[in-house]
Engineer: 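Please find one structure pasted underneath; my questions will follow.
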Amino acid sequence: MQKLIITAAITGAATIPSLTPYLPLTPEQIADSAIEAAEAGAAIVHIHARRPEDGLPSSDPEHFRQILTKIKNNSDVVICVTTGGGVGMTVEERARAVPIFSPEMCSFNMGSINFALHTAIPAIKEFRFPWEKQYIEMSRDFVFKNTFKDLEYLAKITKENRTRPELEIYDVGHLYNLDYLVGAGLMTPPMHMQFVMGVLGGIRGTPEDLTYLVQRAQLLFGADNFSWSVIGVGAAEINLSTMAIHMGGHVRVGLEDNIYLRKGVLAESNAQLVKKVVALAEVLDRPVATPADARSILGLKGKDKTGF
Ligand code: KMH
Ligand code: ZN
């Protein structure tokens, strides 16, 4: 089994500030939280940017520049930049940081889904910033658009920048989309997949769903042609992490996907969630990958080849 690669998803765009006071919002806070998560055992940090004044998800390259340079100057961690962006952004806006910063990795969402966040509304007593209520209500009618034209665009810019795509699979149909890209010569194995489970609009986070995705991917691509990681959105985060550690997959945790350390207890940092996975890996005797291990497992171009 490969060493366990832990990714920490630091702030995202689906978690809104009113859900937890511990969500990093400014470039400074996002970078500091990423550095701390790396010190706790994360080999990769997945990065979104937000507007410093009110935490609105941002595609502004200046916000990314501040975050990326601070992390790079203070940590060896691998940086995976989002191309998922936030509600209402075009794919070009979402992926803006890739041609500008040429990161080692970026997310690559493998198909369209309904991406609903509005079910969180009843849990919110008071909205901290004016944009949040509309943002979360809009998601009732939000299609996270990743058409084949969008996938072709992402395939082009990731290839041009030698940025390793992390393929976000939200449902089984996305594996078939990937199979099409491979057949069309737009994606070349070995591939790294991220099974995103538990989004309302995508596959659920049950054990059967995870084993099905892994088996289906093995049948389509061959077990030696891909590595995989799992995101359990919400309550499924730690349970699915445990399964992945046992099954030879990798794990992503963080406040982007889940705000709880345990039932009813908010995680106070991304590092706390990473430490929980490190402890699980220890119990299950699976060594944890360093950033150097992750670079070797995933065949990354290296920190010195990025454009920031
Ligand atoms: N927020 C996650 C459920 C991306 O940034 O490209 C999915 C995600 C997408 O991380
Ligand atoms: Zn993300």
Side-chain angles (χ1 to χ4, degrees), residues 6-16 19-20 23-24 30 33-34 37 42 44-50 55 57-59 63-64 67-68 78-98 101 103 105-117 119-120 135-136 139 142-146 150-151 153-155 157-158 163-171 174 177-178 192-205 209 213 228-237 240-241 250-259 270 273:
I6 303 173
T7 298
I10 304 302
T11 186
T15 308
I16 61 165
L19 286 170
T20 170
L23 190 68
I30 292 168
S33 184
I44 302 175
V45 288
H46 171 77
I47 298 296
H48 289 244
R50 291 178 182 268
S58 161
S59 64
H63 298 152
F64 275 99
I67 298 167
L68 302 184
V78 175
I79 299 176
C80 175
V81 172
T82 183
T83 65
V87 177
M89 294 180 195
T90 64
V91 71
E92 288 82 8
E93 279 170 339
R94 284 163 29 191
R96 232 163 132 189
V98 174
F101 300 112
M105 292 184 81
C106 71
S107 63
F108 187 127
N109 294 276
M110 275 309 310
S112 305
I113 55 161
N114 293 336
F115 201 125
L117 310 171
T119 50
Y135 185 87
I136 202 164
S139 76
F142 176 52
V143 178
F144 184 35
K145 183 177 100 60
N146 296 287
D150 299 333
L151 303 184
Y153 173 68
L154 289 173
I157 62 169
T158 49
T163 296
R164 186 94 156 96
E166 178 193 273
L167 307 167
E168 323 285 336
I169 309 287
Y170 295 78
D171 218 328
H174 294 182
N177 293 352
L178 177 57
H192 183 57
M193 295 178 204
Q194 185 70 265
F195 297 130
V196 187
M197 307 184 68
V199 172
L200 180 57
I203 203 164
R204 282 218 177 144
D209 287 315
L213 286 176
W228 63 273
S229 174
V230 72
I231 300 172
V233 174
E237 184 169 82
L240 289 177
S241 298
H250 303 282
V251 167
R252 171 171 129 177
V253 291
L255 297 171
E256 169 164 349
D257 307 317
N258 162 48
I259 57 173
N270 282 293
L273 291 164

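All ligand and atom numbering here is 1-based and tracks the order in the structure.
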Engineer: May I ask you to identify, for Tyr170, whether its side chain, its backbone, both or neither come under 4.0 Å of ligand 1 on a heavy-atom basis?
Structural biologist: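 Tyr170 to ligand 1: side-chain contact only, backbone stays beyond 4.0 Å.
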Engineer: Judged by atom type as modelled, is there a donor-acceptor pair below 3.5 Å linking the side chain of Asp257 to the main-chain atoms of Val233?
Structural biologist: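 Such a contact is absent between Asp257 side chain and Val233 backbone.
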Engineer: Counting heavy atoms only, which part of Ser107 comes closer than 4.0 Å to ligand 1: side chain, backbone, both or neither?
Structural biologist: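 Side chain only; the backbone of Ser107 stays clear of ligand 1.
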Engineer: Hey, does Gly84 come in under 3.5 Å of ligand 1, counting only N/O atoms on both sides?
Structural biologist: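 Looking only at distances, the answer is yes, because the N/O contact criterion of under 3.5 Å is met.
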Engineer: If the plane angle is over 60° it's perpendicular, under 30° parallel, otherwise tilted; pick one for Phe142 and Phe115.
Structural biologist: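 Plane angle between 30° and 60°, so tilted.
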Engineer: Does even one non-hydrogen atom of His46 get within less than 4.0 Å of ligand 1?
Structural biologist: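 A heavy atom of His46 does come that close to ligand 1.
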Engineer: Among Asn146, Ile203, Ile231, Asn109, find the residue that satisfies the side chain to side chain contact (heavy atoms under 4.5 Å, CB included) test when tested with Tyr170.
Structural biologist: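 Output: one option passes, namely Asn109.
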Engineer: Suppose we only allow N, O or S atoms; which atom of His48 ends up nearest to the Zn ion (ligand 2)?
Structural biologist: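 Per the distance ranking, His48 contributes NE2 as its closest N/O/S atom to the Zn ion (ligand 2).
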Engineer: Evaluating non-hydrogen atoms only, which member of Arg94, Arg252, Glu168 is closest to atom 2 (C) of ligand 1?
Structural biologist: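 It is Arg252 that holds the nearest heavy atom.
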Engineer: Between Ile10 and Ile47, is the side-chain contact (heavy atoms from CB on, under 4.5 Å) condition met? List the steps.
Structural biologist: CA-CA 6 Å; Ile10 304 302; Ile47 298 296; 3.9 Å; yes
Engineer: Going by the atom numbers of ligand 1, which of them fall below 4.0 Å from some non-hydrogen atom of His48?
Structural biologist: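 Near His48, the atoms of ligand 1 are 5 (O).
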Engineer: Measure the distances from the heavy atoms of Gln194 to every atom of ligand 1 and state whether one is below 4.0 angstrom.
Structural biologist: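 Contact check Gln194 vs ligand 1: negative.
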Engineer: Got the closest protein heavy atom to atom 8 (C) of ligand 1, with its distance?
Structural biologist: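 Its nearest protein heavy-atom neighbour is Glu256 OE2, 3.4 Å.
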Engineer: List the steps and the verdict of side-chain contact (heavy atoms from CB on, under 4.5 Å) for Val230 and Met197.
Structural biologist: CA-CA 7 Å; Val230 72; Met197 307 184 68; 3.7 Å; yes
Engineer: Measure from the Zn ion (ligand 2) to every N/O/S atom of Glu256 and report the name of the nearest one.
Structural biologist: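 Considering only N, O and S atoms, Glu256 comes nearest to the Zn ion (ligand 2) through OE2.
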Engineer: So, does Thr15 use its side chain to make a donor-acceptor pair with the main chain of Leu255 at under 3.5 Å?
Structural biologist: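 Judged by distance alone, yes, a pair lies under 3.5 Å.
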Engineer: Do the ring planes of Trp228 and Phe195 sit parallel (below 30°), tilted (30 to 60°) or perpendicular (above 60°)?
Structural biologist: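 If you compare the ring of Trp228 with that of Phe195, the planes turn out tilted.
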Engineer: State the atoms of ligand 1, each with its element, that fall below the 4.0 Å cut-off from a heavy-atom position in Asn109.
Structural biologist: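 This gives 4 (C), 6 (O), 9 (C) as the contact atoms.
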Engineer: Within ligand 1, which atoms have a heavy atom of Thr82 less than 4.0 Å away?
Structural biologist: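 The list of qualifying atoms is 4 (C), 5 (O), 6 (O).
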Engineer: Hey, does Phe108 sit under 4.0 Å from ligand 1 if you only count heavy atoms?
Structural biologist: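 Distance cut 4.0 Å: Phe108 fails for ligand 1.
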Engineer: Taking the side chain as C-beta and beyond, is there a heavy-atom pair between His46 and Ser107 under 4.5 Å?
Structural biologist: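 Yes; the side chains approach each other to less than 4.5 Å.
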Engineer: Under 4.0 Å from a heavy atom of Phe115: give me the atoms of ligand 1 that qualify, with their elements.
Structural biologist: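 Ligand 1 atoms under the 4.0 Å threshold to Phe115: 3 (C).
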Engineer: Under a 4.0 angstrom heavy-atom cut-off, which atoms of ligand 1 come close to Val196?
Structural biologist: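 That gives atoms 3 (C) of ligand 1.
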Engineer: Between Phe64 and Phe101, what is the ring plane arrangement, given parallel below 30°, perpendicular above 60°, and tilted in between?
Structural biologist: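 Taking Phe101 first and then Phe64, their aromatic rings sit tilted (interplane angle of 30° to 60°).
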Engineer: Determine the sole option in Leu167, Leu151, Ile113 for which the side chain to side chain contact (heavy atoms under 4.5 Å, CB included) test with His174 is passed.
Structural biologist: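 Going through the options one by one, the only one that passes is Ile113.
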